[in-house]
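Quick caveat: nothing in here was measured; it's all calculated off a predicted structure. Letters A, B, ... mirror the listed sequences (proteins, then strands); counts begin at 1.
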There are 2 protein chains.
Amino acid sequence: MTTMSAPDATRTRRRNEKAILEAAEQVFARHGYRGASIQAIAEAAALPKSNVLYYVGSKKTLYVKLLERMMSRWNAMLDDINVEDDPARVLEAFIRSKMQLTREHPQGSRLFAAEILGGAPFLQEYLRGELREWVEQRARVFEQWAERGLMDPVDPVWLIFLIWSATQHYADFEAQVLGITDRQQLNDTDYQRITDFLCQVILKGCGLRV
Amino acid sequence: MTTMSAPDATRTRRRNEKAILEAAEQVFARHGYRGASIQAIAEAAALPKSNVLYYVGSKKTLYVKLLERMMSRWNAMLDDINVEDDPARVLEAFIRSKMQLTREHPQGSRLFAAEILGGAPFLQEYLRGELREWVEQRARVFEQWAERGLMDPVDPVWLIFLIWSATQHYADFEAQVLGITDRQQLNDTDYQRITDFLCQVILKGCGLRV
DNA sequence: CTCCTGTCTGACCGATTGGTCAAATAACTC
DNA sequence: GAGTTATTTGACCAATCGGTCAGACAGGAG
């Protein structure tokens with residue numbers, strides 16, 4: 001019945017898998033792991049439920065795949081720093097890249113938030129492993145900067161959490177932000193201004209340039 | 001079969017209702033509205049499922065009651081401010097009271113977060129109503145302070161969101177904080193230090209005292 | 001004791017859950 | 001064309017969902 005000259009099944013497969021991942025990220029982010037249903041994901045992807053299960057195997061593997069995708073995005077952002085680097089530039093780059101991640105992947109950010117909110121049952125290992133080491137490494141550099149008088153002696157771990165929370169907020173609490181600011185959505189200009197604001201306040205708050 | 005001299009049914013009722021609200025707040029916070037089941041709430045409250053429904057009527061009314069309780073706690077924190085007040089003292093009191101709310105009601109904070117994360121289906125009216133007005137009122141005062149040169153001319157709405165996010169973080173992302181800091185829980189000293197840190201960085205970041 | 005009111009709960013309901021499976025269809029290889 | 005493999009999908013399953021209900025309880029009043 002097909003009149004197509006070049007059906008290319010591979011393209012269809014890639015399109016369906018992409019649609020499923022996108023739909024699933026949205027539904028999982030909104031309702032959490034338990035609250036999400038494969039039926040809802042299938043409807044969002046415009047596919048029958050059975051077809052979704054044919055591609056992903058099970059709800060759990062789909063969820064884990066989405067978490068891993070988000071964690072790889074996160075890891076791609078985590079470049080090393082050195083004691084010899086300029087504190088202000090490093091901190092500003094940190095804030096901007098974290099904000100960009102939130103901006104480019106709001107659904108993934110919310111998915112991550114829902115996972116943590118539920119006690120991080122699937123991410124315990126990651127949190128206590130590579131992420132902790134990454135934080136400790138940065139913390140040591142921050143402390144050395146403080147010892148050299150290059151910045152105020154603030155607790156580096158709380159500082160990292162401050163940056164994470166302030167940026168994460170605009171994805172996780174988007175409904176609140178939009179409701180209070182009376183907007184349909186935030187545009188590029190908004191995000192640029194928010195990022196500049198955060199850089200200004202946090203850097204100055206740590207005793208860095210002006 | 002009861003050998004009690006004064007059974008006092010009223011006391012039993014109060015005890016059960018309290019147990020149900022506590023259990024429900026925990027389960028709703030962890031799994032969201034859809035992901036939470038009455039069965040799970042009943043088990044957490046050590047009561048039969050039918051008994052829970054006898055007390056609360058339905059899942060939705062229970063959820064709404066919990067949200068309203070949390071919003072009333074929030075409102076109790078929102079006292080008015082005046083242009084003549086001292087910016088540093090107001091901002092510090094704001095940060096400390098918000099942090100105290102997070103500290104005293106982490107489950108409620110997470111419940112609120114889960115609701116917003118899911119698109120705030122039950123809180124739209126509140127966000128677009130009284131909370132927006134409260135933010136706008138504070139924002140006007142912040143702007144006047146900036147005009148008078150009492151603080152840096154930062155966007156007041158983003159500043160409020162910064163404080164909200166930074167404090168909310170320690171309830172919503174508790175699993176992440178504990179995993180990274182390798183702790184079982186944060187104690188009073190930790191919360192005091194975090195609060196001091198936030199006051200120091202944010203106030204200095206806005207050009208207020210030192 | 002009888003009656004009454006409030007509390008409690010197992011049994012049950014239709015709907016939905018995640019997941020299986022066989023059969024139908026489509027697409028590619030030869 | 002035939003043969004093989006990949007894809008699609010409705011029917012179906014046991015388990016769980018929110019919620020109802022009848023009846024078993026309790027304690028107090030008369």
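- Residues A:Pro48 and B:Tyr33 both approach DNA chain D. Their nearest nucleotides, taken by heavy-atom distance, put A:Pro48 toward the 5′ side.
- One N or O donor and one acceptor, one from the side chain of B:Lys49 and one from the base of D:dG18, sit under 3.5 Å apart.
- A side-chain donor-acceptor contact under 3.5 Å links A:Thr102 and A:Lys98.
- B:Arg13 has a side-chain polar atom (N or O) that falls below the 4.0 Å cut-off from OP1 or OP2 of C:dT7.
- Between B:Leu47 atom CG and C:dT9 atom P the separation is 7 Å, expressed in whole Å.
- For B:Lys60 and B:Tyr33, the positive end is not near the middle of the six-membered ring at less than 6.0 Å and at most 45° from its axis.
- Taking only side-chain nitrogens and oxygens, B:Asn51 never comes nearer than 4.0 Å to OP1 or OP2 of C:dG10.
- Within 4.0 Å of A:Ala36, counting heavy atoms only, lie sugar-phosphate atoms of the nucleic acid but no base atom.
- Atom CD in B:Glu17 sits roughly 14 Å away from atom C1' in C:dC8 (whole-Å rounding).
- The closest side-chain donor-acceptor pair between A:Tyr63 and A:Glu115 falls under 3.5 angstrom.
- Between A:Ile20 atom CD1 and D:dT8 atom C1' there is a gap of 12 Å when expressed in whole angstrom units.
- Distance from the side chain of B:Ser58 is smallest to D:dG19 among D:dG19, C:dG19, C:dC8.
- One can place CD1 of B:Ile41 at 11 Å from C1' of D:dG18, the figure rounded to the nearest angstrom.
- In this structure, B:Lys59 atom NZ and D:dG19 atom P are separated by 8 Å, rounded to whole Å.
- Annotation: of the two residues near DNA chain C, A:Gly57 and A:Gln39, the 5′-most nearest-nucleotide partner is A:Gln39.
- B:His31 places its NE2 atom 15 Å from the C1' atom of D:dC17, with the value rounded to the nearest Å.
- A:Arg34 has its CZ atom 13 Å from the C1' atom of D:dA15, to the nearest Å.
- Each of C:dG18, D:dT8, D:dG19 was ranked by its minimum atom distance to the side chain of A:Tyr55; first place goes to D:dT8.
- Just one residue in the list A:Gln185, A:Arg110, A:Arg183, A:His169 forms a side-chain hydrogen bond (donor to acceptor under 3.5 Å, both in side chains) with A:Glu174, and that residue is A:Arg110.
- Taking the side chain of A:Tyr54 as heavy atoms from C-beta on, and the options C:dC8, D:dT9, C:dT9, the nearest nucleotide is D:dT9.
- What separates CZ of A:Arg14 from P of D:dA6 is a distance of 17 Å, to the nearest Å.
- Between the side chain of A:Ser50 and the base of D:dG10, a donor-acceptor pair under 3.5 Å is found.
- Using bins of under 30°, 30° to 60° and over 60° for the plane-to-plane angle, the ring pair B:Tyr170/A:Phe161 lands in the perpendicular bin.
- The B:Leu53 side chain lies nearest to D:dT20 when the options are D:dT20, C:dC8, D:dC17.
- Among the heavy atoms of the strands lying under 4.0 Å from A:Ser37 are primed sugar atoms or P, OP1, OP2 only; no base atom is included.
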